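Labels below follow one simple rule: chain letters A, B, ... track the order of the sequence lines, proteins then strands, and each chain is numbered from 1. The structure presented is a predicted model; accordingly, all values stated were derived computationally and were not measured.
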Amino acid sequence: MTVLLPDESRLDVPDGATGRDVARAIGEGLARAALGIRVDGELRDLDAPVENGAKVEIVTAKSGDDALWLIRHDCAHVLATAVTELYPGVKVSIGPPVADGFYYDFDFPEGVKLSDADFERIEQRMREHIKVDEPFERSELPVAEALERFRAEGQDYKVELIEDLVRDQRVKTVSLYRNGPFTDLCRGPHAPTTGRIKAFKLTSVAGAYWRGDASRQMLTRVYGTAFLSKDDLAAHLERLEEARRRDHRKLGRELDLFMFSELSPGAPFWKPKGQQLWNELTDLWRAENADRGYSEVHTPILYDADLWKRSGHWHVYRENMYFTEVEGRTMGLKPMNCPAHTQIYSSERRSYRDLPIRYSEAGLVHRHEPSGTLHGLLRVRHITQDDAHIFCTEDQVPEEVQRCLDFGFAIYDVFGFEPRLELSTRPEKSVGSEEMWDRAEAALERALSDRGLDYELNPGDGAFYGPKIDLHMTDSIGRSWQLGTVQLDYYMPEQFELTYTGADNAEHRPVMIHRALMGSFERFIGILIEHYAGEFPLWLAPVQALVLPIADRHVDYADRVAGELRAAGLRVEVDDRAESVGRKIREGELAKAPYMLVVGDQEAEDGTVSVRRHRGGDLGALPIADFADRATTEASSRRQA
RNA sequence: GCCGACGUAGCUCAGCUGGUAGAGCACAUCUCUCGUAAAGAUGGGGUCCCCGGUUCGAGUCCGGGCGUCGGCUCCA
């Protein structure tokens, strides 16, 4: 028979040939290096047979993700091997490869608690299994036999998995993989032997629900990662270190931006420098909203529970809201701004001539996020959304949605974020007619396709009241975040009986578009801190220039310099402590001050400043006015170079 | 909320099997007046997260709570 190779050439191989046979036919070296095969796009074991006419690609260490997937899957099995040996009576469940490594979920016997202190012992045992290079042997077993086997071993989770396979997919046989003493129910594929794992490390231990279901057994998940070379592992650990170095919680403390108190979990306290950052972002937000036809509003945070009953939040979201009694009335803190904006909308009679009406608000909402989910600025209970609601006619929806997307792109562009779009459609639990949803989804699709935008489809992931487009972006170290969302809403206008008078002099229902682009100021700033590693562009930097007098006699001149620069609109501080210049520079660098201006006898005499750029070193002396020009020009352009 | 770990000075952390708490940095005072990443000396500073228990005695052991961290679930 014949197989097709990636370079389009054909290769004749005997009938019934396996991937290994194909590799061998190409070259003995390739066969030795092979980890698996990709047949017509499907990843398989190296020893799996190939079909006549199939496209066959040999996966080696150079194959990137495929190779990593295989050895990480292998490594998960090796982990389970070591754990089952070291902890008799442990039950195994599943152990897949994931984005940066793999995990395996275990159910340890009563009384056994695993912690990362146990990793060394487990890793040692894993190394032994890798060193002896145990082959992964695949076998097919009739379902009945497999069930009997795992029942006898007390492996309840495996039994459940097989039972589900029988029920959902009507399988007759299941595949098992054995490596050394360990046999696992597994679909595969695997690399030929454990020895192909060239570098691995267990990274953390955590709880995880069996099958992701919070009502079921909590298992112990051990995370690890594996690579094809020690260098790759080292590079990965270096990346993790980089992420830790950029952690906004650490930088927030070091740069004096914000803090938290045990007395108000999930609610940041903004210190003067952090507030400065916040204000700059607010200025950007306000200017852009004004340019794009939004009217800024400001609404209360506390409302009678009746409002929440009407908006539906009481029924769906009560558990996550904060309530208080006020003179016998139940009042609730708003978890969203939309009901507030509907109040303004419906405070007057509206004409079709008024639409679209666009209300923007830096809306303060409170959501009782579960305690275990709080995470610095990225997951808070006190949330300031860059919110807006657009009330428009059905016909205006596509254009308004496009305007929202353009707005989002413009904001992200300021920070150099690359956006990615997802369209989410009607979920199972939804309100409104089939026809309405079809129209709404079509409107969103049209908004996307008119702009020629690529997007991913998320069927069934929309909000209960309407479909949405989510805006995701990637930061400077490759992490993806969901920031913005543009949602169509046909429900809230109905609930609040919003109307406008049409050209036909009849009452019509407007459509509401909810949109947030940064998501929340808190989260967005957290992401910015990590994106810039605390080294903000000049326009955002809380302190733009530090003036460093060399000796006490230069303080007057330093104050004069600071005064002139402030008059030019720059944020400047003078370090007038009786410390050495070396010390002041060191601390200025650690505080990531964009500019440091050293002034001594020479500068005072010439009316100059010696400019030092953060990370850029000494740039030489400039007249004060020249530096002011340079810095104000730089700060006035928000867009990244 | 669930699983696990952790909570000691402003920060980073040490404190063995229970015997009245320590370092570096930071801070204060004094001396030094300094040219591109840390001058020197002296000193102050603790409800060892909170509540309860065991004990002659608890930072240390036990129980409960709160918070933080890593995950899981959740994010309408």
Side-chain angles (χ1 to χ4, degrees), chain A residues 98 103 105-108 112-118 203-223 244 247 249-250 253-254 256 259-266 311-321 335-336 338 367-376 378-381 383 427 429-430 461-466 468 482 485 487 489 491 514 519-520 523 548-555 577-591 596-603 610-621:
Chain A
V98 290
Y103 66 79
D105 284 348
F106 301 100
D107 185 3
F108 284 94
V112 177
K113 278 183 183 172
L114 201 73
S115 80
D116 49 14
D118 301 304
T203 51
S204 64
V205 57
Y209 298 109
W210 169 231
R211 306 198 124 177
D213 182 344
S215 69
R216 305 205 57 183
Q217 176 73 30
M218 176 67 78
L219 304 174
T220 303
R221 175 169 298 179
V222 179
Y223 280 94
R244 262 193 292 279
D247 191 313
R249 293 166 299 187
K250 177 171 163 280
R253 191 171 48 243
E254 290 173 358
D256 220 15
M259 52 169 264
F260 286 93
S261 158
E262 288 196 8
L263 299 175
S264 187
S311 70
H313 290 95
W314 178 270
H315 307 285
V316 200
Y317 203 64
R318 193 178 358 163
E319 291 305 306
N320 297 305
M321 287 178 62
M336 279 185 126
C338 27
R367 299 177 181 185
H368 181 218
E369 303 290 351
S371 54
T373 63
L374 300 179
H375 182 96
L378 302 183
R379 188 78 181 267
V380 289
R381 289 176 175 161
I383 306 163
K429 278 169 67 180
S430 60
D461 212 32
F464 71 93
Y465 47 74
K468 60 174 183 173
Q482 188 199 318
T485 182
Q487 309 184 348
D489 183 356
Y491 179 73
H514 306 242
S520 81
R523 200 168 107 98
L548 311 182
I550 286 173
D552 287 352
R553 66 176 179 280
H554 306 124
V555 170
R577 295 174 304 162
E579 290 290 350
S580 65
V581 194
R583 159 75 68 123
K584 292 177 183 178
I585 286 171
R586 176 182 157 77
E587 292 182 5
E589 287 289 341
L590 292 175
M596 277 179 271
L597 308 173
V598 179
V599 296
D601 291 332
Q602 198 60 55
E603 290 77 9
S610 279
V611 181
R612 184 189 162 98
R613 175 83 217 198
H614 177 57
R615 285 178 172 275
D618 195 346
L619 302 182

Using the test salt bridge (Lys or Arg N to Asp or Glu O under 4.0 Å), find all partners of Asp618(A) that sit at least two apart in sequence or belong to another chain.
none

Tell me every residue that passes side chain to side chain donor-acceptor pair (under 3.5 Å) with Gln482(A), counting only those two or more places apart in sequence or in another chain.
Asp470(A)

How far, in whole Å, is rA38(B) from rA26(B) if one measures between their P atoms?
12 Å

Cation over ring, Arg221(A) on Tyr103(A), under 6.0 Å and within 45°?
yes

Rounded C1' spacing from rG52(B) to rC66(B) in Å
15 Å

Nearest-angstrom distance, C1' atom, rG15(B) to rU8(B):
9 Å

On a whole-Å scale, what distance lies between the P atoms belonging to rU60(B) and rC48(B)?
10 Å

When the C1' atoms of rC2(B) and rU20(B) are considered, how many whole Å apart are they?
40 Å

Could you list the protein-to-nucleotides 9-12 of chain B atom pairs, N/O on both sides, closer than 3.5 Å?
| unit_1 | atom_1 | unit_2 | atom_2 | d |
| --- | --- | --- | --- | --- |
| rC11(B) | O3' | Arg253(A) | NE | 3.4 |
| rU12(B) | OP1 | Arg253(A) | NH2 | 3.0 |

With sequence neighbours left out, write down each residue that passes salt bridge (Lys or Arg N to Asp or Glu O under 4.0 Å) with Asp601(A), or none if nothing qualifies.
Arg553(A)

Go ahead and name the base partner of rU36(B); Watson-Crick or wobble counts if both distances stay under 3.5 Å, otherwise write none.
none

Roughly how far apart, to the nearest Å, are rC72(B) and rC25(B) at atom C1'?
38 Å

Does Glu589(A) come within less than 4.0 Å of Arg615(A), counting only side-chain N to carboxylate O?
no

For Glu579(A), give me all partners under salt bridge (Lys or Arg N to Asp or Glu O under 4.0 Å), at least two apart in sequence or on another chain.
none

Counter-base of rU68(B), judged by Watson-Crick or G-U geometry with both distances under 3.5 Å:
rA5(B)

rG44(B): pairing nucleotide in any strand, Watson-Crick or G-U under 3.5 angstrom:
none

Locate the shortest heavy-atom distance separating Glu587(A) from Arg577(A); write the atom from each residue and the value.
OE1-NH2, 2.9 Å

Side chain to side chain donor-acceptor pair (under 3.5 Å) partners of Trp210(A), counting only residues at least two apart
Glu160(A)

With rounding to whole Å, what would you report as the distance between rC13(B) and rC51(B) at their P atoms?
25 Å

Can you tell me the pairing partner of rG18(B) across any strand shown, Watson-Crick or G-U wobble, with both distances under 3.5 angstrom?
none

Does Tyr491(A) have any side-chain contact (heavy atoms from CB on, under 4.5 Å) partners at least two apart in sequence or in another chain, and if so, which?
Val431(A), Phe464(A), Tyr465(A), Asp489(A), Gln495(A)

So if I define the base as every atom that isn't primed, P, OP1 or OP2, how would nucleotides 66-76 of chain B read as a B/S/- string at a heavy-atom cutoff under 4.0 Å?
-SSSBBBBBBB

Pair partner, rC61(B) [Watson-Crick or wobble, under 3.5 Å]:
rG53(B)

What's the gap between rU54(B) and rG18(B) when it is taken at their C1' atoms, as a whole Å value?
12 Å

With sequence neighbours excluded, what pairs up with His375(A) under the side-chain contact (heavy atoms from CB on, under 4.5 Å) test?
His248(A), Arg249(A), Leu378(A), Arg379(A)

Scan nucleotides 33-38 of chain B nucleotide by nucleotide, 5' to 3', and note B when protein non-hydrogen atoms come under 4.0 Å of the base, S if they reach only the sugar-phosphate, - if neither.
BBBBBB

What is the distance, to the nearest angstrom, from the CZ atom on Arg211(A) to the P atom on rC3(B)?
21 Å

Can you list the residues that meet the side-chain contact (heavy atoms from CB on, under 4.5 Å) rule with Leu619(A), with sequence neighbours excluded?
Val611(A), Arg613(A), Arg630(A)

Using purine N1 to pyrimidine N3 plus N6-O4 or O6-N4 for Watson-Crick, or N1-O2 and O6-N3 for G-U wobble, both under 3.5 Å, which nucleotide pairs with rU12(B)?
rA23(B)

Sorted by chain and residue number, the side-chain contact (heavy atoms from CB on, under 4.5 Å) partners of Tyr317(A) (sequence neighbours excluded) come out as His313(A), Asn320(A), Met321(A), Pro335(A), Arg367(A)

